[in-house]
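Keep in mind that what you see is a predicted model, and the values were worked out from it rather than measured. Remember, it's 1-based here, ligands and their atoms both numbered in the order they're listed.
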Amino acid sequence: MLSAQVYEEGCVRTIDTDAISSVLRERMIDTSARAISLTNFHRSEQSEDLTHPPNAEGFGRIHRFELEAFDDWPSNPLPIEPALRALGLGEQAHLDAQIFQSSGCNWRCWYCFVPFKDLSANRGELVAVADMVDWDLAAHAQPHAVDLTGGQPDLTPEWTVWYLEELERRGADEVYVWSDDNLSTDYLWRFLSDEQRDYLGGHPRYGRACCIKGYDQQSFAFNTLAAPELFERQFALLDRLQRTTAIDYYVYLTITTPTTDDLGSAMGSLLDRLMKVHEYLPLRCVPLKVLEWGPVTPRLKPPQRTALENQMAAVAAWEAELEVRFPGARPDICDVPR
Ligand code: SF4
């Protein structure tokens, strides 16, 4: 059984990731109807943070990805550059994407912009992927991008396959699809066939964000409430993705930390781990700046407030170590070999 505490703001228990993942998946997918449980923003407090009103009957929203969102933080080319490249478009400083958000996640990052109430799949509604695609194509001229986010979309890895298939069925060949994965489960292998993984890997308009949560076991557990040893699982899954699929993947890093002790050597270890997956993988990584969204404020106790400040030192340590390993290298992220 799922612990109710896991779903409450301020929970401090360690999450049983595998048990919760399995229960959430049951709630979040109907394979015969090819439907996924989505958050409806008309019924979510998250709507207070939205710049534009929800679309797609409340199940969708528009998000602007910006290359240079902050003066004091590295640029973020994801998913802007892969999407523009795949769609044959020229350079742009931002990208407006259609978002659909699955209604469950197995972790509870204190900095998550989603209210925890919208991560237990209790408030979600099963929506046919065919309907999502119809709403998407009605709302946007091609070419455009779609982000299948969460929650943890990869609790239901069929979602991305079904979305791409529905686009194909409609001849919509100028839509780029991007999805997120928090690197917590092996569901990509457990629930997709070899053919489905090959389909994702061979698709010219699909890209994937894999999220590394922290830079060591301590910061990982502090950020996610998952068991510290699952930090190692994140790299094992990344390695499996690299070796057994051709999926075009990139890595987001959230490097919020309660302490800056030994930051330089810890970042060195992070780079070592990434380079074991692929020698150039650090150049496909983008640190994400954590912000104080509406749902985040009540979760901020002194350690989290300190972590918001410490992320500046952490990103400086990341940049310094990156420069040591790849002096002067600033390639377009799409050109970095995978
Ligand atoms: S893994 Fe992602 S969706 Fe889940 S709690 Fe963390 S930030 Fe939110």
Query raised in the report: Looking only at protein heavy atoms, which one is nearest to atom 3 (S) of ligand 1, and how far off is it?
Result: G151 O, 3.3 Å

Query - Ring centre gap for W107 and F220 strictly below 6.0 Å - result: yes

Report task. Please determine if E158 and R25 form a salt bridge, counting it only when a charged side-chain N lies under 4.0 Å from a carboxylate O. Result -> yes

Report summary line: Count of protein N, O or S atoms below 2.8 Å from atom 6 (Fe) of ligand 1 equals 1

Query raised in the report: For residues R197 and Y199, is any side-chain donor paired with an opposing acceptor at under 3.5 Å?
Result: no

**Report entry** Any donor-acceptor N or O pair under 3.5 Å, side chains H144, D136
**Finding:** yes

Result block: side-chain N/O donor-acceptor pairs under 3.5 angstrom for residues 264-276, not counting sequence neighbours:
residue, atom, partner, partner atom, Å
S265, OG, D262, O, 3.2
S269, OG, S265, O, 3.2
D272, OD1, R325, NH1, 2.8
D272, OD1, R325, NH2, 3.1
R273, NE, E232, OE1, 3.4
R273, NH2, E232, OE1, 3.1
R273, NH2, E232, OE2, 2.9

Query raised in the report: Does R208 pair with D154 as a salt bridge, N-O distance under 4.0 Å?
Result: yes

